[in-house]
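Just below is one structure, and these are the notes that go with it.
All of these numbers come straight from a predicted model, not from anything done at the bench. Atom set for the values below is all heavy atoms of this structure, side chains included, hydrogens, waters and symmetry mates excluded.
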2 protein chains.
Amino acid sequence: MPEQHTPGTKQRLVSAMTDGLQRRGLHGTGISDVLREAGAPKGVLYHHFPDGKTGLALASIDESIAIITGWLDLALEKYPDPLEAIERWVRAASRRLSETDFEAGCPLATIALETTAADVEVRTALAGAFAQLRARMTEALASAGTPHAEGLAVLIVATYEGGLLQARVANSVVPLQLATDTLGALIRAQRAVAA
Amino acid sequence: MPEQHTPGTKQRLVSAMTDGLQRRGLHGTGISDVLREAGAPKGVLYHHFPDGKTGLALASIDESIAIITGWLDLALEKYPDPLEAIERWVRAASRRLSETDFEAGCPLATIALETTAADVEVRTALAGAFAQLRARMTEALASAGTPHAEGLAVLIVATYEGGLLQARVANSVVPLQLATDTLGALIRAQRAVAA
DNA sequence: CAATCTATAGACCGGTCGGTCTAGAACGCA
DNA sequence: TGCGTTCTAGACCGACCGGTCTATAGATTG
């Protein structure tokens, strides 16, 4: 059975790459940066990831989407109202951003904007990631009886990413918070009417 | 009077840089790429932009924000309902994205995610750009009597950027369209209640 | 205790990066 | 016509990029 029990180094490489993706993006993050942060020599990278930087980036994307949806699932379990759960989930991201001096946004967003359709593998992974995130939200909203669940899911993800972006350049969580609060109010208002 | 009548080369450099920013981002766009696309030799760049790549990027950001707000202003003049004007403006961006094989999104978004707080000049320019865009929308919405105009402006810009991002990786305008339509419906519903 | 496989280690390579420098063409104005 | 300025042109540079290669340490198993 090839590769199974890898405790340290490989994971450290992935984490360092994710950190780089969040802060400077794929092209802005050099292999040597990652290696230095992970405290590992060159050879290790190409041992664990024969496809080099791309392979590492793909692993980082996979891990990121698992973590992000994991957090969302956790919130959805904890709060019966999916809208409240999602709001808590966004608020946690907002906290993470401000705690890192407005550097650590969404690792998927940056790489999404840096790649072209020619980067097939990366694009496919990202498309799957966002689709999965939206599907999870749609399901939660729909099962709570919210109408237009699919539209709301896309809108919420957009608000999340677009809000993070604005918060980042403004060096303030206010834009993200304001966008989320406004959207929440709109959805609740409509819910009240429908009831 | 220093530099006034520059018809060709300088503008071509800026346009080529903007194109690169949209497709591959700041770090993903090499100086030589820009030069090749603009059909200009090295020396020209450093003659017009002594600060090199950064100077060119700043000029590109300035031009981009002028174009983007220009289009918005045009739509706001044409359509009396600011909400409709903004929707048309988003739809135009959506068209541009699909016409370029889902490569040409917002040139400001990518660079926003690639830079850190340490890139003071770029960040300041971007912060100003987004603030200006929001201000213009807030003003239009408020003067039409829409409540929570400021919150809506942040939300709309977030939907725009987040929708573009999702559309890009999905190779389809559907996410952007769906997000915009859903948001439009929510705002109109609230408007109907308030009336 | 060899043999083997996995993982660590870093010297090394060609290519490209952003940036500098010198030379000359084109144009303005006396 | 001569002179200065603006702009074009591209050779050139050191630094760094992602990636390859060989050597070896550590663990596993006969």
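To the nearest angstrom, P of C:dC17 lies 11 Å from CZ of B:Arg24. At whole-Å resolution of the value, NE2 in B:His47 and P in C:dG19 are 17 Å apart. Distance, A:Lys53 NZ to C:dT16 P: 15 Å, rounded to whole Å. When rounded to the nearest whole Å, the span between CZ of B:Arg36 and P of D:dT8 equals 19 Å. We find that CD1 of A:Ile31 is positioned 15 Å from C1' of C:dG14, with the value rounded to whole Å. Atom C1' of nucleotide C:dG18 and atom NE2 of A:His27 are separated by 17 Å, given to the nearest angstrom. Atoms CG (B:Leu35) and P (C:dG18) sit 10 Å apart, rounded to a whole Å. One can place CG of B:Leu45 at 15 Å from P of D:dG10, the figure rounded to the nearest angstrom.
Between B:Thr9 and D:dT8 there is a side-chain N or O to OP1 or OP2 distance below 4.0 Å. Residue B:Lys42 has no polar side-chain atom (N or O) positioned under 4.0 Å from OP1 or OP2 of D:dG10. Here B:Ser32 reaches the OP1 or OP2 of C:dC17: one of its side-chain N or O atoms lies under 4.0 Å away. Contact annotation: A:His48 side-chain N/O to C:dT6 OP1/OP2 distance is not under 4.0 Å. OP1 and OP2 of D:dT20 both lie 4.0 Å or more from every side-chain N or O belonging to A:Tyr46.
Contact check for B:Leu58 versus B:Asp51: no side-chain heavy atoms found under the 4.5 Å cut-off. Between A:Leu108 and A:Ile68, some side-chain heavy-atom pair lies under the 4.5 Å cut-off.
Heavy-atom distances to DNA chain D give each of A:Asp33 and A:Pro50 a nearest nucleotide, and the one nearer the 5′ end belongs to A:Asp33.
With distances taken from any side-chain atom of B:Pro41 to the nucleotides D:dT6, C:dG10, D:dA9, the minimum falls on D:dA9.
Among the atoms of the strands shown, only primed sugar atoms or phosphate atoms (P, OP1, OP2) are found under 4.0 Å from some heavy atom of A:Gly30. The residue A:Thr29 sits close only to the backbone: its heavy atoms come under 4.0 Å of sugar-phosphate atoms, none of a base.
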Take B:Asp81 and B:Arg191 through the test salt bridge (Lys or Arg N to Asp or Glu O under 4.0 Å) and record every step on the way to the result.
CA-CA 12 Å; B:Asp81 177 9; B:Arg191 194 194 258 172; 3.1 Å; yes
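Salt-bridge annotation for B:Glu139 and B:Arg136: present, with a side-chain N of the basic residue lying under 4.0 Å from a carboxylate O of the acidic one. Note on A:Arg91 versus A:Glu87: no salt bridge recorded, every NZ/NE/NH1/NH2 to OD/OE distance being 4.0 Å or above.
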